[in-house]
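A quick write-up on the structure given underneath.
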Amino acid sequence: MESYNNIGIKRRLRRFFRGDGRALIFAMDHGFEHGPTDFEETWEHINPSVIIRKVARAGIDGVMMLPGIARIAGNELIGKEVGLMVKLTSKTELRPKEEWLMQDQLGFVEDAIKLGADAVAATVYWGSPYEGAMMRQFAEIASYAHDLGYPVVQFAYPRGPYINEKYGKKEDYRVVMYGARAAAEIGADMIKTYWTGSRETFAKVIDAASGVPVLLSGGAKTDNPLDFLKLVWEVIEAGGSGAVVGRNIFQRKNPETFIKALLRVIHKNEEPEEAAKAEGLV
Ligand SMILES: O=C(COP(=O)(O)O)[C@@H](O)[C@H](O)[C@H](O)COP(=O)(O)O
């Protein structure tokens, strides 16, 4: 029975990655995690169908959404070769700040499967006072999903009071590396995490994940699109498996052009300047 499940996990994971083992995944959970104001600059993208249509048209490899957004915009993915990742945990920024270090489960593996998901995802804030609860939550989701042959993606985000005390900042490579290692050890099939500031240190994070693909978590939009292309270039040069990007795509007026430039960097090994020029970004 186990071998059946493993093949399922492998096949579904491949729906995100091209033959080069890399992927560009569009993230759209911001209306919940940050609030709808994240869409203010490009308001038409508040409608998930509008932005999902654009990203699919641009050739994105995968999309990550919460169950309700997948329900609203799922039609846009029918007939497209785009992997669907449904995230099953989250938090709002409306809750008291002392609870921001916890993500709760808001959907179930069965819901994701009914939505046609190829993978499910859950966040663990390593170092949080609620770490234990998120570990259990992740383990329960993973155990259930793995039994059914579905891969589980971990957003491995070290966050917590002791991290700052011990390492100074959560982006210290030793902290990110620790989170990625913990994600691999708990059974994640793909890891999304922070940039560590240099190619060399990010390569160590990848080593610590021991073969589990590590993707960059995008972060805030850069004013100059070239800066973000350069960041993704560094991730790929470090041996990273790609990027999961939200704001740097949907907060731009021309997301399709930007995606095409990112795909050039990720899949064609084009230098950022070259990719930006080819897509008319500079
Ligand atoms: O992890 C998330 C939010 O992280 P955050 O608490 O803002 O550091 C995800 O909800 C986002 O989808 C992810 O960060 C990717 O989106 P961008 O950071 O590229 O906008």
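Counting starts at 1 for both ligands and their atoms, in listed order. Quick note: residue numbers are just sequence positions, from 1. Here the structure is a predicted model, which is why all the values come from computation and not from measurement.
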So, [X] and [Y], do they make that salt bridge, N to O below 4.0 Å?
| X | Y | value |
| --- | --- | --- |
| Asp118 | Arg12 | no |
| Asp20 | Arg18 | no |
| Lys114 | Glu110 | no |
| Glu33 | Lys87 | yes |
| Glu279 | Arg264 | yes |

Where ligand 1 meets [X] - atom numbers and elements under 4.0 angstrom, heavy-atom basis:
| X | answer |
| --- | --- |
| Val245 | 19 (O) |
| Met64 | 12 (O) |
| His34 | 3 (C), 5 (P), 7 (O) |
| Gly218 | 18 (O), 19 (O) |
| His30 | 11 (C), 12 (O), 16 (O), 17 (P), 20 (O) |

Heavy-atom closest pair, residues Glu270 and Ala275
OE1-CA, 3.6 Å
Between Ala156 and Gly179, which heavy-atom pair has the shortest distance, and what is it?
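Heavy atoms of Ala156 and Gly179 come nearest at CB-O, 3.8 Å.
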If hydrogens are left out, which of Phe250, Phe155, Phe32, Tyr157 has an atom nearest to atom 4 (O) of ligand 1, that is, the closest non-hydrogen atom?
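Result: the heavy atom closest to atom 4 (O) of ligand 1 is in Tyr157.
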To which of Gly219, Ala27, Ser217 does the heavy atom nearest atom 18 (O) of ligand 1 belong?
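Checking each option, the heavy atom nearest atom 18 (O) of ligand 1 is found in Gly219.
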Considering only heavy atoms, does Glu33 approach ligand 1 within less than 4.0 Å through its side chain, its backbone, both, or neither?
side chain
For [atom], what's the nearest protein heavy-atom neighbour? Residue, atom name and distance, please.
| atom | answer |
| --- | --- |
| atom 19 (O) of ligand 1 | Gly246 N, 2.8 Å |
| atom 11 (C) of ligand 1 | Asp29 OD1, 3.4 Å |
| atom 13 (C) of ligand 1 | Lys192 NZ, 3.0 Å |
| atom 6 (O) of ligand 1 | Arg159 NH2, 3.0 Å |

Looking at ligand 1, does Met28 have a heavy atom less than 4.0 Å from it?
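No, Met28 has no heavy atoms under 4.0 Å from ligand 1.
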Give a yes/no verdict on whether any heavy atom in Asn248 is under 4.0 Å from an atom of ligand 1.
no
Under 4.5 Å between any side-chain heavy atoms of Leu226 and Leu281, yes or no?
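No, side chains not in contact.
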Would Arg247 count as a polar contact of ligand 1, with the cut-off being nitrogen or oxygen pairs under 3.5 Å?
yes
Pairs meeting criterion ring-ring contact (aromatic ring centres under 6.0 Å, His included) with involvement of residues 191-248, two or more places apart
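For residues 191-248, and leaving out neighbouring residues, the ring-ring contact (aromatic ring centres under 6.0 Å, His included) pairs sorted by first residue read Tyr157-Tyr194, Trp195-Phe202.
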Any pair counted as salt bridge (charged side-chain N to carboxylate O under 4.0 Å, His left out), so long as it reaches residues 37-46, sequence neighbours left out
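For residues 37-46: Glu41-Lys221, Glu44-Lys54.
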